[in-house]
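First comes the structure, then the notes that go with it.
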Amino acid sequence: MTVKDPVAVQDPVAVPNPVKVEDPARIQILDHLPEVSFAEQARIQAAPRTSAAHRALLAAVPAMSAVQLSGQSDDATPLPRAFSVAAWNVERCLFPEETAAHLAPVAPSIVLLSEVDHGMARTGQRHTAAAMAQALGMVYAFGVEFHELGLGGPTERVFCRDDFNAKGWHGNAILSAVPFERVTLFRLDDHGHWFAADSGAADPEQPRIGGRMALAAVVPTQAGPLCVVSTHLESNADAAHRGAQFDRLMGAIDGFAPDMPVLIGGDLNTGNHLPPDFDWAWETLFTSAEQQGYCWDFTADGPTTRPSLITPHPDRVMKLDWFAARDLHCRNKGVLSAVATNGTPLSDHDCVWCEIELP
C-alpha cells in the first residue's frame with residue numbers, strides 16, 4: 001500500500017471538536033427501538049441548526065444510544081478458526097432478500113452492513129437488516145446512524161409509495177451465524193455534520209439528525225473471542241476529519257475489546273473531497289491504523305463503486321470499502337460485484353469480502 005504525503009491535502013471541512021465516545025455500559029440493548037413521535041419530529045425540524053442544539057436532540061432520542069438485537073441463528077456453536085466475512089454498503093437496501101441471496105458465493109459467517117433502512121418509505125417501510133438476517137438464518141445487531149426527516153433525493157423518492165417514514169431509521173448492522181457475546185455502539189461525531197448550518201455540509205434534501213457511527217460485537221470462535229466492527233465514515237469531509245473519526249473508533253475498540261483480535265469493515269469514504277480524482281492514497285487513517293497494529297492487506301485491490309438505481313453516475317469510480325484487521329491472518333480476499341443475475345445493481349457499492357483465520 002502506498003500512502004501519499006498528507007501535507008498536500010486540502011481541508012475544506014473543519015474537523016469538529018472531539019466527541020466523548022460513549023461508555024459501552026450506557027448503550028441500551030433492546031429488541032426494538034423507541035420511535036420518534038410526529039410531535040418530536042416537528043420539534044427537531046424547528047430546532048436551531050447549531051451543533052449545540054443537535055447534541056441536545058441526540059441526547060433526547062433514546063434510539064441514538066441503543067442497539068437493536070434480534071434474529072435467530074441456525075447454529076449456536078462457536079465459529080471455526082477460519083471463515084469468511086463480507087462488508088457491504090447496500091445503499092438503503094432496496095432489495096433485502098435478493099441482496100442476501102447474492103452473498104451465496106462468499107458464504108459469509110459475518111456480514112458487516114452500511115446504509116440499511118428501517119421504517120423508510122423509500123424501502124417500503126421495511127426493516128431491511130432484519131429481512132436480510134432472516135433470509136440468511138442469522139442474528140443481527142442494528143444501530144442508528146441517522147434519523148431521517150425526509151424521503152431522500154429525487155432518485156430515492158421514485159421508490160416511495162408513502163409520503164412519510166414510519167420510523168425514519170438509517171444505519172449500520174452486523175449479521176452473524178452465531179449469537180453475539182456482547183454488542184455496543186460508538187458514535188464518531190455528535191456535532192450535526194448534516195444538520196448544523198455552520199458545519200458546511202448540511203443538505204436540504206436529506207434533513208436528519210445523527211452522525212457517523214460504528215457497531216462492535218464480540219463473537220465466539222473455536223480459537224477464542226473475536227471483535228467485529230461495522231462502520232461508516234463521513235463522505236462530505238476531508239482526510240483529517242475521517243482520520244479523527246477512525247482514531248476515535250480504534251480507541252473505543254481498545255476499551256470494549258482489549259487484547260482481542262479485531263476485524264473492522266465498512267465504507268470508509270476514502271478519497272472523498274481529496275485531490276486529484278478522489279485519490280484514496282491521500283488518507284491519513286491508513287498510517288494511523290498501521291501504527292496501532294492494524295493491517296489493510298485484507299482488502300482486495302480495485303475500485304468498489306458502480307452506477308446504481310439511486311446513484312446513476314457512470315463516471316464515479318472510487319475505492320471506498322475496506323477491511324482493517326489486528327492479530328488475524330488473511331487466507332483469501334475479493335470483491336463481489338453488486339450486479340444481480342438479472343442485471344439489477346443492488347447497490348452503488350460492490351461487496352468486499354475476506355476469509356480470515358484466527359491465531
Practice problem: Establish, yes or no, whether a centroid distance under 6.0 Å links the rings of Phe286 and Trp296. | Solution: yes
Quiz item: Does Arg55 come within less than 4.0 Å of Asp190, counting only side-chain N to carboxylate O?
Solution: yes
Quiz item: According to the side chain to side chain donor-acceptor pair (under 3.5 Å) rule, which pairs have a member within residues 93-114, sequence neighbours left out?
Solution: Glu97-Arg126
Quiz item: Any chance the side chains of Glu40 and Ser37 put a donor and an acceptor closer than 3.5 Å?
Solution: yes
Exercise. Determine, using ring centers only, whether Phe83 and Trp353 are less than 6.0 Å apart.
Key: no
Quiz prompt | Non-neighbouring partners of Cys160 that pass side chain to side chain contact (heavy atoms under 4.5 Å, CB included), sequence neighbours left out | solution = Ala121, Arg122, Leu151
Quiz item: If only atom types and distance count, is the side chain of Ser347 paired as donor or acceptor with the main-chain N or O of Ser308 below 3.5 Å?
Solution: no
Quiz item: Any donor-acceptor pair under 3.5 Å linking the side chain of Asn269 with the backbone of Leu320?
Solution: no
Quiz item: Which class fits the ring pair His118 and His127: parallel under 30°, tilted 30 to 60°, perpendicular over 60°?
Solution: parallel
Self-check item: Ring centres under 6.0 angstrom apart (Trp322, Trp280)
Solution: yes
Exercise. List for me each residue that meets salt bridge (Lys or Arg N to Asp or Glu O under 4.0 Å) alongside Asp321, sequence neighbours excluded, and say none if there are none.
Key: none
Quiz prompt | Carboxylate-amine/guanidinium contact Glu355 Lys333, below 4.0 Å | solution = no
Quiz item: Excluding sequence neighbours, so at least two apart, what forms salt bridge (Lys or Arg N to Asp or Glu O under 4.0 Å) with Arg49?
Solution: none
Self-check item: Pair Arg242 + Glu283: basic N to acidic O under 4.0 Å
Solution: yes
Self-check item: Qualifying residues under salt bridge (Lys or Arg N to Asp or Glu O under 4.0 Å), relative to Lys167, sequence neighbours excluded
Solution: Glu35
Quiz prompt | Audit row: Glu148, Asn165, side-chain hydrogen bond (donor to acceptor under 3.5 Å, both in side chains) steps and yes/no | solution = CA-CA 8 Å; Glu148 304 280 355; Asn165 297 321; over 6 Å; no
Quiz item: Taking the six-membered ring where the residue is Trp, are the ring centres of His241 and His193 under 6.0 Å apart?
Solution: yes
Quiz item: Does Phe195 have Arg208 sitting over its ring (NZ/CZ under 6.0 Å from centre, angle to axis within 45°)?
Solution: no
Quiz item: Can the ring centres of His349 and Trp88 be said to be less than 6.0 Å apart?
Solution: no
Self-check item: Arg326: salt bridge (Lys or Arg N to Asp or Glu O under 4.0 Å) partners, not counting sequence neighbours
Solution: Asp254
